[in-house]
K.L.:
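What follows is a structure written as structure tokens; I'll ask about it next.
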Amino acid sequence: MTSPALRHSASVALAASLLAATAAAQWPSTASPNLSVADRRGEQVLPKIAATSDGGCYIGWFDQFSGNYDVRLQRLDARGVELWPRQGILISANPQSSSLVDWDLLCDRDDHCVLAFTDARAGSDLDVYAYRVDPSGVMVWGANGITLSNNSDYEPSPKLCETSDGHFVCAWANTGAADLRVQRIDRAGNLLYPANGRSIPGDAGAVPAFCRLVAADNGGFILSWVRALAFNGLKHVHAQKFDAAGTPLWGGGTRLPIFDQASVPIAHEPRLLADGSGGAIFAWHFALGQSFSVRAQRVLANGTEVFPHNGVDACTNASSKFDPALAWHAPSQSLFVAWNERNLAQSQWGISVQKLDAAGTRLFGGSGLVLLPVNGVVKYAPVCAPVGEGAVCTVLEESLGGLSDKLRSFRVSAAGQLVWSTPIDVSLFASDKLRLSNTVTPSGVVLNVWTDLRQDNGDVVAQNLNPDGTLGDATATSTPYGCSGNPAGSLSARGRAAIGTQLELRIDNPLGTQSPGSLALLFLGTQRDPSPCGTPLPGFGMSGPGALGESLIDFAAPYTLLTGGPWGGVGQPVAFALPVPFFEGFAGATVYAQGLMIDPAPQAVVALGLTSALRIRVGF
């Protein structure tokens with residue numbers, strides 16, 4: 001926790017460094033019972049989550065309340081408050097197979113939610129459909145979405161990405177045609193590739209499956225898959241990069257064998273992340289003799305493998321390793337890999353993490369950093385998210401009796417140290433938990449969602465975890481204060497003072513009593529004026545000549561002054577961009593802001609005009 005002294009010094013540092021930003025909060029501050037997102041009769045399962053730019057998120061799931069597996073979607077703000085009706089909005093009630101397959105959801109650069117899933121509206125074979133929903137819940141691509149495939153083939157588990165040129169690509173396996181399919185969609189929902197998708201042929205005699213895709217550079221994308229779906233056949237890991245037109249770029253048009261030393265297990269889906277430079281990161285597990293290993297590979301934008309062919313081992317000890325979870329830190333070109341570690345008999349379980357540098361060197365030793373030791377307590381399903389220069393890893397642990405799981409998180413620094421002295425228990429409610437998924441906000445808050453069997457066969461439950469290891473609402477706020485001496489809205493905030501983001505403060509004269517071209521000044525102080533209504537200053541009011549203005553900052557305490565550009569007139573405020581560094585020690589610090597408009601015109605009606613004031617609490 002941050003001490004009051006640190007918070008005060010952080011306030012001074014914030015003001016001196018030009019920092020500053022911005023119904024009840026809904027993220028619980030305790031690990032039980034967590035936040036219920038969907039809890040009606042029947043199953044609510046296979047949840048997915050994507051963070052929005054404002055620190056909130058979208059959560060989607062399949063909901064059996066009606067008897068059919070409908071697709072529903074909820075939007076939460078940064079405090080965890082539901083922005084749409086309880087139990088979410090209905091996306092699709094089309095007939096659905098009772099045997100659900102995987103699906104995908106993302107938040108795009110416009111804070112719209114894009115979803116891709118299969119259903120049986122055109123027959124039991126499963127076809128692929130996509131929807132785009134705006135922040136108010138409007139179906140941008142129509143009430144019934146858009147059809148990506150319509151044939152008699154079985155096409156499960158579509159995956160999505162948003163490309164660098166603002167389009168969307170969806171990929172899926174077509175088991176009937178023994179190929180992969182990709183479709184490109186513009187923001188209006190128009191299909192840019194042929195109907196039923198562009199075919200990506202598999203190897204001769206093999207049915208490719210378990211595909212994933214990420215955005216690359218220049219509107220392109222990278223696709224990974226397992227060579228063969230069947231029990232027999234070589235299950236190698238393959239990949240290809242495509243340009244915006246769908247032309248393959250790597251290997252002269254021939255897919256790259258990312259891993260062809262052995263087969264990955266049946267139904268294993270290798271992990272894939274974009275590296276932010278036009279290339280990608282891959283990870284998988286496989287059996288070699290009696291033990292299983294986790295490996296990773298990076299491929300550059302030009303198709304060059306950075307690590308040795310067939311990847312590098314995340315861990316070199318004799319135990320078995322499964323289920324890699326990845327977090328990529330692009331500035332340092334570092335990869336964090338967590339895994340489920342077991343003894344050879346697979347009767348004991350643990351969780352460890354490794355950091356690989358740009359060359360693939362293991363920086364946490366041969367065995368990695370142990371998060372939970374290998375013992376008789378079942379631990380599984382690790383997920384990771386990049387936070388700061390390190391990572392937060394979360395895992396399910398069956399330690400509450402029977403199949404009841406704890407949800408436990410660890411924050412690992414770039415140097416391989418545990419930032420939190422003990423694991424953070426994210427959920428302590430005694431229940432079976434499945435399908436853990438996570439995302440991370442711009443300010444480093446990890447948002448977790450899972451299927452929870454606490455009252456029936458499945459509810460959707462979520463919980464946030466702040467970068468300082470706390471749970472609950474610690475969002476940044478901007479609150480007006482003072483009395484009525486200065487016009488409301490003359491100082492406003494766009495965004496919030498969340499660490500790792502940017503706050504914008506805006507100065508305006510809504511009364512129009514000063515001339516366009518007036519100079520705007522912004523004061524950031526560490527203390528407010530002791531008087532509730534501030535210090536009255538004759539001739540500093542915006543309302544008219546000689547009017548009283550309220551000075552609402554204590555100028556005896558540390559403060560800083562910023563000078564802005566010329567005012568454009570009513571409704572054209574002067575904006576001050578204030579970046580807030582990613583340092584959780586700033587959380588809880590308070591800065592007080594007030595503006596002053598100076599009209600230099602010789603016949604100015606109001607030469608000096610004080611704005612309203614904001615109390616800005618830095619948070620997440």
Side-chain angles (χ1 to χ4, degrees), residues 48-60 71 73 75 91 102-118 128-142 145-149 157-172 180-193 197-198 200 211-225 239-247 249 271-282 299 301 326-328 330 385-386 437-442 447 501:
K48 302 283 185 180
I49 187 168
T52 53
S53 65
D54 61 0
C57 64
Y58 290 105
I59 298 175
V71 179
L73 183 68
R75 183 182 171 209
I91 300 299
D102 203 10
W103 65 293
D104 209 359
L105 169 156
L106 61 79
C107 177
D108 69 23
R109 66 190 64 179
D110 297 326
D111 274 336
H112 289 45
C113 185
V114 182
L115 310 90
F117 52 87
T118 59
V128 182
Y129 304 91
Y131 291 70
R132 188 168 183 240
V133 185
D134 78 7
S136 66
V138 173
M139 305 288 191
V140 178
W141 291 346
I146 55 176
T147 300
L148 303 187
S149 71
S157 306
K159 298 299 168 65
L160 283 166
C161 76
E162 181 182 13
T163 59
S164 62
D165 58 1
H167 292 161
F168 304 97
V169 175
C170 185
W172 63 93
L180 302 173
R181 299 294 175 98
V182 293
Q183 182 57 266
R184 192 178 190 90
I185 312 159
D186 69 18
R187 300 184 94 68
N190 299 304
L191 304 185
L192 304 180
Y193 293 166
R198 186 180 297 279
I200 311 297
C211 64
R212 291 193 177 192
L213 83 164
V214 293
D217 49 344
N218 302 314
F221 59 95
I222 295 169
L223 183 68
S224 71
W225 65 92
Q240 182 57 276
K241 181 178 180 179
F242 300 85
D243 67 14
T247 305
L249 300 176
R271 292 14 171 190
L272 177 67
L273 290 179
D275 70 359
S277 301
I281 310 294
F282 306 81
V299 178
L326 307 181
W328 172 247
S437 180
N438 73 351
T439 188
V440 63
T441 73
L447 306 178
T501 69

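If you're wondering where the values come from, they're calculated on a predicted model, not measured in any experiment.
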K.L.:
Do Leu106 and Phe168 make a side-chain contact, defined as non-hydrogen atoms from C-beta onward lying under 4.5 Å apart?
P.N.:
yes
K.L.:
Looking only at heavy atoms, which two atoms of Ala327 and Ala385 are closest? And how far apart?
P.N.:
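The answer is CB-C, 3.8 Å.
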K.L.:
Can you list the steps and then say if Asp104 with Arg212 is a salt bridge (Lys or Arg N to Asp or Glu O under 4.0 Å)?
P.N.:
CA-CA 10 Å; Asp104 209 359; Arg212 291 193 177 192; over 6 Å; no
K.L.:
Tell me whether Lys48 is salt-bridged to Asp102, with the criterion being a basic N under 4.0 Å from an acidic carboxylate O.
P.N.:
yes
K.L.:
Are Ile281 and Arg271 close enough that some pair of their side-chain heavy atoms sits under 4.5 Å apart?
P.N.:
no
K.L.:
To the nearest 0.5 Å, what is the distance between CG (Leu160) and CG (Leu213)?
P.N.:
7.5 Å
K.L.:
Please find the pair of heavy atoms, one from Gly278 and one from Asp275, that lie closest to each other, and give the distance.
P.N.:
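For Gly278 versus Asp275, the nearest heavy atoms are N-OD1, 3.3 Å.
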K.L.:
Any side-chain heavy atom of Ile185 within less than 4.5 Å of one from Trp141?
P.N.:
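A side-chain contact under 4.5 Å exists here.
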K.L.:
Identify the heavy atoms of Leu180 and Cys211 that sit nearest to each other, and give their distance.
P.N.:
CD2-CB, 4.2 Å
K.L.:
About how many Å separate CZ of Arg75 and CD1 of Ile59, when rounded to the nearest 0.5 Å?
P.N.:
12.5 Å
K.L.:
Examine distances only and state if a side-chain atom of Glu162 and a backbone atom of Arg109 form a donor-acceptor pair shorter than 3.5 Å.
P.N.:
yes
K.L.:
For side chain to side chain donor-acceptor pair (under 3.5 Å), just list the numbers for Thr52 and Asp111, CA-CA rounded to whole Å, side-chain angles, deciding distance to a tenth of an Å, and then say yes or no.
P.N.:
CA-CA 6 Å; Thr52 53; Asp111 274 336; 4.9 Å; no
K.L.:
To the nearest 0.5 angstrom, please state how far the CD1 atom of Ile49 sits from the CG atom of Asn438.
P.N.:
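The CD1 atom of Ile49 sits 8.0 Å away from the CG atom of Asn438.
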K.L.:
Is there a donor-acceptor pair under 3.5 Å between the side chain of Ser149 and the backbone N or O of Val128?
P.N.:
yes
K.L.:
Please round to the nearest 0.5 Å and tell me the distance separating atom CG of Leu223 and atom SG of Cys161.
P.N.:
9.5 Å
K.L.:
Can you name the nearest heavy-atom pair linking Ala51 to Val440, along with the distance?
P.N.:
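Heavy atoms of Ala51 and Val440 come nearest at CB-O, 3.5 Å.
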K.L.:
Salt bridge or not between Asp217 and Lys241? Use side-chain N to carboxylate O under 4.0 Å.
P.N.:
yes
K.L.:
Considering only heavy atoms from C-beta outward, does the side chain of Val169 approach that of Arg198 to under 4.5 Å?
P.N.:
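Not in contact.
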K.L.:
Do His167 and Leu192 make a side-chain contact, defined as non-hydrogen atoms from C-beta onward lying under 4.5 Å apart?
P.N.:
yes
K.L.:
Would you check, one step at a time, whether the test side chain to side chain contact (heavy atoms under 4.5 Å, CB included) holds for Ile200 with Phe242?
P.N.:
CA-CA 10 Å; Ile200 311 297; Phe242 300 85; 3.5 Å; yes
K.L.:
Any idea which heavy atoms bring Tyr58 and Val133 closest together, and the distance?
P.N.:
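Smallest heavy-atom distance, with atoms named: OH-O, 4.2 Å.
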K.L.:
Would you say Arg184 and Phe221 make side-chain contact, with heavy atoms under 4.5 Å?
P.N.:
yes
K.L.:
Is there side-chain contact between Arg187 and Asp108, with heavy atoms separated by less than 4.5 Å?
P.N.:
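Arg187 reaches Asp108 side chain to side chain.
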K.L.:
Classify the ring geometry between Phe117 and Trp103 as parallel (under 30°), tilted (30 to 60°) or perpendicular (over 60°).
P.N.:
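Rings of Phe117 and Trp103: perpendicular, as their planes differ by over 60°.
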K.L.:
Taking atom CD1 of Ile146 and atom SG of Cys170, what is their separation to the nearest 0.5 Å?
P.N.:
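Separation between the atoms: 9.0 Å.
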K.L.:
Working to the nearest 0.5 angstrom, can you tell me the gap between Leu73 CG and Ile91 CD1?
P.N.:
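Separation between the atoms: 4.5 Å.
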K.L.:
In the structure I gave you, are the side-chain heavy atoms of Leu148 and Pro158 within less than 4.5 Å of one another anywhere?
P.N.:
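No, every pair of side-chain atoms sits at 4.5 Å or beyond.
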K.L.:
Measure from the side-chain N and O atoms of His112 to the backbone N and O of Asp110, and report whether any donor-acceptor pair falls under 3.5 Å.
P.N.:
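It does hold such a pair.
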K.L.:
Heavy atoms only: give me the nearest Leu272-Ser224 pair and the separation to one decimal.
P.N.:
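Reported closest heavy-atom pair: CD2-OG, 3.7 Å.
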